[in-house]
Every structure is written in structure tokens, then in C-alpha cells.
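Chain letters run A, B, ... following the sequence lines, proteins first and then strands; every chain starts at 1.
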Amino acid sequence: MKDISNILFSILFLFMTSPSKAQCDSEPFLDNCTSTINEFRFLKHYKFRTKDDEKLGEPRVYGYSYVFSKGSTYVLTACYDDSEGNKMIVSLYDSNRKLISSSYDKKTGKLYPTIKFKCSSTGIYYFTFNFEKEEGGCGVSILGFNKSN
Amino acid sequence: MRKHLIYLFLSLFLFSACGSSNESSQDDTQDNVTNQLPTENIQLEEHEVEISHEMMFEIIESIPAPIETATMIKDIGAPYYEELINSTSNAINYSTNFKKAVNLGIYGANLGYINIYNEVGSAVSYLSTISELANDLRVGQFFDFHTLKRLASNRDNLDSLLYISTKGFDKMNNYLKVQNRGNISVYMLVGGWLEALYLSTQIAESNESDVLTERIGEQKITIDNIRLLLTVYKRDPFVRDLLGDIEELKAIYDEVEITTTYKEPTMIEEDGALMIEDNTVTEINITKEQIAKIRKKASEIRAELIS
């Protein structure tokens, strides 16, 4: 009985320490990310822990929405662990759920760390975040809006 | 030992359950990505309200933050109106969780307004009141009040003060989501939204501005979701009364017209970022009479909430 329990505790230990399931501490990303939105004011942050909460091969697309107001410029940033060449992709959709643009241009391979959106049409906008690699990733995104001059 | 094993199996089960609860297929076609998008204004009859926990928080997260309105009010050149914000001396009257949460939202909006105008003298007392209400609701841990009060004592710390306080509210909301305390989130959100509406309608009375007028009219887009969120908790008598008032406010907003003309956006690269210029245009047709009605109703609802 003791042997079985030792094995099970070892399995549990592996679950807690395996690199692929490593804890994602997004807090450092949050503060670093905030420093990249200089001329914008912080509104919200979105955390991603796909290394922790998903099965391999099944990355999740995280979806959110926010009412953008005409006359304001909004910023969406992606701050994440890219040490393994992983890409975090931000996509923006309009009120009709039509894709406006994505931070990743597949044709050119260009990845933008930040999307800015100068809004002239008030409405609910949708945005998604996903990682290019199947195993997902760890990071945060910040939504900000333009400051007064 | 058997007890330990039961805990262990439970732990392993929870690990696997957490993993599977978020499953979705990997396909980056737009259709599949679009399926992950939150659902827009869900129109339900009162007796049919059934919103999942996830969907409710998706709606909560979509509501515009009061700090945007405060920034816009300052941008149009309106002066600071101290008499408009909820006095901290009222806090002693808030004995129910409903009143505490609604007024935590109201004071949060007030703090944003105070900070935007750099009225550091008022910030400390509002921070203290927010701290007390947040502690009463067991969400005070997301605010480092010592740091916030230190920042509030110096006018040069505006950005840090705004960031840390906004981040605190943001983290609190995430915590309430995990803790399944959506009612507190909804009450706070409604308080903050209503306070922003109250301030903008009051200030519009003496500061003519098309931007401000449009921002008031734009709330037509949000009020449906405010109503929907409150409907979830309408068994609470406090919420039922508030919901009745919000429905009257919505009836006024039903007369406001919003038209949208779609045009393709343009995109350029700017300082390493992708800059998207929206070319779609919305026109908000709202009359002075409608604004006056909204002002009156918002003021009545707010008076009831802060009493």
C-alpha cells in the first residue's frame, strides 16, 4: 500500500512540476506590458494560462468583447513567453463579428506586438487571443485607451 | 493512508477536469475563431433568463469603464464638480451587500474622476472609503491602499495612481468570477456605469459638447446588457426595484437612434504597431429633450442608490 501511495504522490509531483504544465505566473508580464502602452491608459488585462489548463494539441482561443466609443483610440498588446518561438496572435472583430484585422500576417510572417484601433463607430467589438503553437502559452494582453492631451 | 489516497485521486481528478473544461478544437479558420466570440446582447424574456457563468462575465467585461467617461469629460474642458460626486460620509448608511457593492462601483467611478482632475486632496478619503467597503465585501486584498494613499499625496503620481487603482478593480472582478460571486460584480458594475451616466448628464447641462451628447446617447448600446445582468438577480428585492428603474431608463433610450454606415478599415504600420483606422461611421441622434429625460431618470436612480 505504501508503494502505491508513493507512486501516486510521485505522479502528482510530476503534474505539478512538468515543464509543459509549469505554472504560468502572468503578473510579471502584466507590469512589463503596462510599460509598453505609454500614451494609453490602462483599462483591463486578460490572462492566458493555456500551458496549465489545456490538453496538448488543443489550444484554446480566448474571446472577449468591449464597447469601443467613437473618437477614442484603443490599444491591444500581447506580452507573453516567446522563448520557444511561440507567437501570441490578437484578432479584432467588428460588431457584426467580421474580422477587422489580426496581429499576425500569415502571408508575410509579420507579427505585430500591438494593435491600435482608431474608432469612429461606437459599438461592441470582439477580440480573440490564441497561440500559434499547439501547446499554447503563457502571457497577458492589456486593453488601453488614449489619454487626454 | 486511505484518506490521503482519496485526496490524491480527488486532486488528480480535478487536474484532469480543469484541463477538459476548456477544450476546443484547433482550427484557425475565421468561422471557428468566431465561435469563440462572446454572444452579443442576448434578448430574453424575463421568465426565460438563463445565462451561463462564463457568458455573464463576458458581458460584464464588455461594459465600458467609467474612467473613459471621466477622461472624456476632462477632454471637453469641463471644470471639476466636487459637489456631483457621492460624499464619503454616506458610506455609513450602506449596510447590505447590495448597497455596499453598488456604492463601491460608484466610489470607484468617483475616484477615477477625482484622479483624472488630479484632485489629490479628495483622493485619500475616497480611497479609505473604498478600502472599507471592499474589506466588508471580502475583496479588499486587491488594493494596496498604503501604496495608493502614498501615490495620492503627490500630483505627479497620477498615472501610477490610475493604473494601480484600475488594476485593483480589474483583479477584483477576475477574483469574483473565480469565486462565483457574480452578483457583487454586477452590482459594482451597475453602480459605476450609472455614476458615469449621472456625471455626464449633469455636466452636459452646463457644458455644451457634441462629444458628451454622443457619449450619453451611446449608452443605448450598453443599457440592454445592464438590464440583462440585473435580470439574473431579480429575485433580490433591491435588484427588482433597480431593474424597474433601469427599464424606465431603457424606454427613454429606445427613442434614441443610432445609425451605422459601414466602410472598410485602413491599416498602416506605425512605430512597429499595427494601426487600424476605422472608417465605419455611427451617427447618434439624440434630442435635448431625451437628454433631459435621461438626466432626470439617472439622477432619481442614483439618489436612491446612494441614500
Checklist entry - B/L162, B/D170, B/V281: which one forms the most heavy-atom pairs within less than 4.5 Å of chain A? => result B/D170

Checklist entry - Which heavy atom of A/Y74 sits nearest a heavy atom of B/E68, and at what distance? => result OH-OE1, 2.6 Å

Checklist outcome for this item: In terms of heavy-atom contacts, A/L43 and B/T166 come closest through O-CG2, 3.7 Å

Output the distance between atom [atom1] ([X]) and atom [atom2] ([Y]), rounded to the nearest 0.5 Å.
X: B/Y163; Y: A/I142; atom1: OH; atom2: CD1; result: 5.5 Å
X: B/L274; Y: A/K116; atom1: CG; atom2: NZ; result: 10.5 Å
X: B/M72; Y: A/S72; atom1: CE; atom2: OG; result: 8.5 Å

Checklist outcome for this item: Cut-off 4.5 Å, heavy atoms of chain B, and the answer for A/K47 is neither

Item to check | Which atoms of A/L143 approach chain B - backbone, side chain, both or neither, heavy atom under 4.5 Å | outcome: neither

Less than 4.5 Å apart, any side-chain heavy atom of [X] and any of [Y]?
X: A/K44; Y: B/F169; value: no
X: A/I115; Y: B/I276; value: yes
X: A/V67; Y: B/I63; value: no
X: A/S121; Y: B/E283; value: no
X: B/T280; Y: A/D94; value: no
X: B/D278; Y: A/Y125; value: yes
X: A/D31; Y: B/K167; value: yes

Throw together a table of side-chain donor-acceptor distances under 3.5 angstrom for residues 171-179 of chain B, partners on residues two or more places apart or in other chains.
| unit_1 | atom_1 | unit_2 | atom_2 | d |
| --- | --- | --- | --- | --- |
| B/K171 | NZ | A/E27 | OE1 | 2.9 |
| B/K171 | NZ | A/E27 | OE2 | 2.6 |
| B/N173 | OD1 | B/S185 | OG | 2.6 |

Checklist entry - Taking 4.0 angstrom as the limit, do B/E214 and A/K70 come out as a salt bridge? => result yes

Item to check | B/E264/A/K98 salt bridge by N-O under 4.0 Å criterion | outcome: yes

Next on the checklist: Could you walk me through whether A/F42 and B/I67 satisfy the side chain to side chain contact (heavy atoms under 4.5 Å, CB included) test, starting with their C-alpha distance in whole Å, then the side-chain angles of each, then the deciding distance to 0.1 Å, before giving a yes or no?
Outcome noted: CA-CA 10 Å; A/F42 175 91; B/I67 193 74; over 6 Å; no

Run the side-chain donor-acceptor check on residues 265-273 of chain B: report pairs under 3.5 Å with partners two or more places apart or on a different chain.
| unit_1 | atom_1 | unit_2 | atom_2 | d |
| --- | --- | --- | --- | --- |
| B/E269 | OE1 | A/Y112 | OH | 3.3 |

Checklist entry - Would you say B/Q141 has more than 12 foreign heavy atoms packed within less than 6.0 Å of its CD? => result yes

Next on the checklist: Is B/F57 in contact with chain A via its backbone, its side chain, both, or neither, using a 4.5 Å heavy-atom distance?
Outcome noted: neither

Next on the checklist: Testing the 3.5 Å rule here: is there a donor-acceptor pair between the side chains of B/E218 and A/S69?
Outcome noted: yes

